[in-house]
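Reviewing the structure listed below.
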Amino acid sequence: MSKRDSVVLSSQEVEKQKDKILEIKHLLSDRKNKKAFIETYGCQQNVSDSEIIMGMLCEMGFKKTENKDEADIIIFNTCAVRENAELKVYGNLGALKHLKLKKPDLIIGVCGCMMQQEEVSKRIKSKYRHVDLVFGTHSLYSFPELLLRVIKSGSRVIDLLDTEGHIAEDFPVKRQEGPSAWVSVMYGCNNFCSYCIVPYVRGRERSRDKASIINEVKNLANEGYKEITLLGQNVNSYGKDLDEKIDFADLLNEVCKIDGIERIRFMTSHPKDISDKLIDTMAANKKICKQLHLPFQAGSNRILKLMNRVYTKEEYLEKIEKVKKKMPDITLTTDIIVGFPGETKEDFEHTIDVLEKVRYDTIFSFIYSKRGGTPAAVMEDPIPMEEKKENFDRLLDVQDKISYEKNKVLEGKVMKVLVEGMSKTDQSFMTGRTEGGKVVNFKCDKDMKGSFADVKITEAKTWSLMGEIIK
Ligand code: SAH
Ligand code: SF4
Ligand code: F3S
């Protein structure tokens, strides 16, 4: 068996799981109107996994619901990246206890990144006895088989495969409503940034075959999707593990050829791997949105080294300059960690300096959270939390001003917006995104959902734009 054969789930295994789906459908056929609820924590990779789980549940005869209280099965798809994310899961899981008491037939499952950590699954096993099913990211595709065991035996099933994880094709997917879809191009991460749990819970990098990705995107185009986001922890590593000679820029070019898909986005890129070829491909291709999410995490070279990010502040800024030169109107976003072990005020000034030099449109910032088992967890950290919080607040102040200023210059401009649906905060407005991914709220016919509209920006806010449709 070649290495690739052990990565890609065999068609026999896929068929076996599909048989289990049918068996469940048959077993539960007398329970009419069954509903399934999935709560997804964490990143888009989890969102994408939840779409696969919901796809399986729908094939079993469940209908998707947004209301926990009416569900017959509840799945929590968890994230382990920061302690806060984990605490939220424990809290919400505890709250399900009385739902289960009221409704003993309710099936409760927990999956995702947290479950790949032994101490977490042990805790769920001993303290959360109302949970029927536990499975990690590496056993995602065995969900039908595991659920069948729960249904048949009526007892708890805890499955934690300690493998490197697989790629499985051809499972049904139940996507979120709207004109945009997520398409995973690779899974896992090899970078081992010293603070990060992801490589431990998601396994090593593995790329999907080009043909499978192209096939999926073609199907999405036929279904009417207009925008896709190619997904991976580090998309610029795409293809490195494949026999076919292909890199991420080549893949982007292939995806651009697909009729019907008008906007292509991707995330996330690691600064060390963003090549000139990729920048040129972005600049040359009209379908590739001029938007780049390029996490820098910290500005100080001393901290970057401790983080194992393998680039310096200067190298990062050089890449950004190249990007801006080729695509002057590009929307830039980033991730930042404040308060990495030992980050001094002087170190932190370099983070502020990067913000001011790059002038991002939006940032995603986090206070460092200790993750057991990672190298950073044992680094000395004499910096008090109070100081970290002060730095964090200052970061937000600096960025809010920049975000607002960058939005302000768009006032009066007409922008092409892909209408996603009704605004969640004010239902008299519709909402959509610009090419750069900025949210615009405006009034228009509800049936514009899924189409492009020319919208004049009337008011800039820090996080979004207000506009009016140009007839
Ligand atoms: N693969 C992506 C995203 C990984 S997780 C990347 O490399 O950019 C998303 C973000 O969470 C990271 O970019 C980082 O900013 C943040 N993060 C990861 N581990 C963290 C930790 N232990 N504490 C605080 N933030 C963390
Ligand atoms: Fe985590 Fe670094 Fe991998 Fe991103 S690149 S997932 S931050 S280890
Ligand atoms: Fe969280 Fe797992 Fe994503 S740890 S950030 S859900 S890969």
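FYI, side chains are in, hydrogens and waters are out, and symmetry mates aren't considered; it's all heavy atoms of this structure. Remember, it's 1-based here, ligands and their atoms both numbered in the order they're listed. When a residue number appears, it is its place in the shown sequence, counting from 1.
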Ring pair (Phe, Tyr, Trp, His ring centres under 6.0 Å) between Y128 and Y90, worked out: CA-CA 9 Å; Y128 296 78; Y90 287 126; 5.8 Å; yes
Atom indices of ligand 1, in the order listed, that fall short of 4.0 Å to a heavy atom of Q233: 1 (N), 2 (C), 3 (C), 4 (C)
Whether R82 lies under 4.0 Å from ligand 1, heavy atom: yes
Any side-chain donor near an acceptor of the partner, Q45 and S184, under 3.5 Å: yes
Pair R206 + D241: basic N to acidic O under 4.0 Å: no
N234 heavy atom under 4.0 Å from ligand 1: no
Note: D247-K240 ion pair, threshold 4.0 Å (strictly below): no
Ligand 1 contacted by I367 (non-hydrogen, < 4.0 Å): yes
Shell of protein N/O/S atoms around atom 2 (Fe) of ligand 3, taken as anything under 2.8 Å: C113 SG
Metal environment of atom 2 (Fe) of ligand 2, protein N/O/S under 2.8 Å: C193 SG
Which of the ligand 3 atoms, numbered from 1, are nearer than 4.0 Å to a heavy atom of Q233: 7 (S)
Within-4.5 Å side-chain heavy-atom neighbours: F76 and I108: no
Nearest atoms (heavy-atom pairs only) where E83 meets S369: N-OG, 2.9 Å
Aromatic ring pairing F266/F248, orientation class (parallel under 30°, perpendicular over 60°, tilted between): perpendicular
Name of the residue among K226, R263, R433 meeting salt bridge (Lys or Arg N to Asp or Glu O under 4.0 Å) with E420: R433
